[in-house]
Number of protein chains: 2
Amino acid sequence: MKLTSTTKKFILHWGEMGTRWGISRSVAQIHALLLISPEPIPADEIATTLEIARSAVSAGIKELQSWGLIRIVHHMGDRRDHFTTLDDVWETFLLILRERRRRELEPTVAVLRECAAEAASTKAIPATTLKRFSDLAELLELTDRWCDRAQSLSPAGLKRLANLGDKVFKLLG
Amino acid sequence: MKLTSTTKKFILHWGEMGTRWGISRSVAQIHALLLISPEPIPADEIATTLEIARSAVSAGIKELQSWGLIRIVHHMGDRRDHFTTLDDVWETFLLILRERRRRELEPTVAVLRECAAEAASTKAIPATTLKRFSDLAELLELTDRWCDRAQSLSPAGLKRLANLGDKVFKLLG
DNA sequence: TTGTAATTTCAGAAAAAACTGAAATTTCAG
DNA sequence: CTGAAATTTCAGTTTTTTCTGAAATTACAA
């Protein structure tokens with residue numbers, strides 16, 4: 001795929017943001033490329049466009065698939081897999097939320113609950129530390145619940161909620 | 001500071017989670033240690049407790065300070081800086097939100113707006129790509145606004161909102 | 001001032017992460 | 001089946017990130 005200065009700018013930026021959020025630069029770049037490609041593209045085209053090895057693309061695709069962020073499409077008369085992102089960015093957002101919840105939020109809540117329980121049953125850990133474990137567990141559990149409830153929304157529903165921001169904050173007066 | 005198996009578990013887990021969110025392991029560990037320390041501790045104690053070089057602690061502290069996550073405290077008769085986290089985890093949450101918004105969300109929205117504008121004014125970029133830029137910009141801008149509104153809440157207010165989850169989702173019927 | 005403790009800086013080392021290219025494996029049309 | 005295309009695996013390399021320890025700087029008590 002031919003990149004323009006605009007598409008290049010987006011891909012590079014998305015790659016940088018990836019690194020800030022724990023995603024490797026080239027995986028994020030692959031995602032960026034697929035996000036803006038007008039149609040599904042095969043792995044070798046990703047490799048030549050981003051100037052990375054075919055094998056790195058293979059690994060990157062596997063990673064993106066583990067997040068559920070890309071789909072495989074086939075074309076008549078072409079044995080190669082062609083890759084594409086979902087077409088709704090809100091659905092993408094929900095997927096990322098779901099995975100981060102599963103991979104990071106829930107395990108962390110579990111660890112914090114364990115730590116709180118252990119801290120409660122030993123004199124070796126001061127009360128202030130126990131309180132900290134509980135406070136963190138509470139915060140992350142509430143965050144977890146928000147993420148969970150979001151999962152029950154359709155992409156369009158999530159978008160509607162996002163637009164309802166003002167009303168939500170007024171709930172607090 | 002003497003670590004128990006419980007506090008060790010928490011520090012190691014927090015360090016791992018750091019790496020998943022783009023924070024270096026040892027910086028996250030320093031943060032974890034300060035989170036659970038009953039009182040402020042000096043840099044050299046952080047170094048010996050976590051078994052890392054004093055200079056690494058210095059860099060880590062600088063990083064945490066750039067996020068606003070730690071405070072310096074002084075004790076009579078001790079020239080060393082002692083470090084501590086905020087005591088409200090909801091305030092910590094707000095700080096992280098604020099910084100991520102400033103460092104990542106806003107620059108990304110800006111780039112997407114630029115890309116959309118450029119895509120709109122050249123035939124070299126297909127309409128589908130322009131749409132993708134706009135959709136992403138819209139999503140991130142709405143996210144940005146939520147983060148912004150959260151900033152106007154007190155830590156206690158944020159906690160109240162977090163507990164209001166069910167009501168918020170019922171707004172959608 | 002002066003000397004010492006505390007902190008920071010920084011060049012090089014070490015560790016971790018990511019990438020390459022060749023080989024192995026899988027897939028599938030003929 | 002057979003062979004070529006497509007994909008994956010993986011050992012070794014490169015790149016990036018992080019860490020160390022010595023030296024420089026800063027802060028401050030005497």
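Throughout, a chain's letter reflects where its sequence line sits, starting with A, and its residues are numbered from 1.
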Exercise. Tell me: CD of B:Gln29 to P of C:dA16, nearest whole Å?
Worked result: 12 Å

Exercise. Does the side chain to side chain contact (heavy atoms under 4.5 Å, CB included) test come out yes or no for A:Lys159 and B:Glu138, once each step is laid out?
Worked result: CA-CA 10 Å; A:Lys159 183 175 174 183; B:Glu138 182 189 25; 3.3 Å; yes

For this session: Using the test side-chain hydrogen bond (donor to acceptor under 3.5 Å, both in side chains), find all partners of B:Ser66 that sit at least two apart in sequence or belong to another chain.
Result: B:Arg103

Problem set entry | Any donor-acceptor pair under 3.5 Å from A:Arg25 side chain to A:Glu16 backbone | no

Problem set entry | Who pairs with D:dT8 - Watson-Crick or G-U, where each distance is under 3.5 Å | C:dA23

For this session: Identify, residue by residue, the members of residues 49-72 of chain B with a heavy atom below 4.0 Å from DNA chain C, and return them in order of residue number, or none.
Result: B:Arg54, B:Ser55, B:Ser58, B:Lys62

Exercise. With nearest nucleotides of DNA chain C determined for A:His74 and A:Gly22 from heavy-atom distances, which residue corresponds to the more 5′ nucleotide?
Worked result: A:Gly22

Problem set entry | In one Ile/Leu/Val/Met/Phe/Trp/Tyr side-chain cluster, 4.5 Å: B:Met17, B:Val27 | no

Exercise. To the nearest Å, how far apart are B:Arg79 CZ and C:dT4 P?
Worked result: 12 Å

Problem set entry | For atom CD1 of B:Ile23 and atom P of D:dC19, their distance in whole Å | 13 Å

For this session: Using a 4.0 Å heavy-atom cut-off across all strands, classify B:Arg80 as base, sugar-phosphate, or nothing.
Result: sugar-phosphate

Problem set entry | Ring center gap for B:His74 and B:His82 short of 6.0 angstrom | no

For this session: Would you indicate what B:Asp81 reaches in the nucleic acid, counting non-hydrogen atoms under 4.0 angstrom: base, sugar-phosphate, or nothing?
Result: sugar-phosphate

Problem set entry | Between C1' of D:dT16 and CD of A:Glu16, the distance in whole Å | 12 Å

Problem set entry | Over 12 non-hydrogen atoms of neighbours within 6.0 angstrom of NZ in A:Lys131 | no

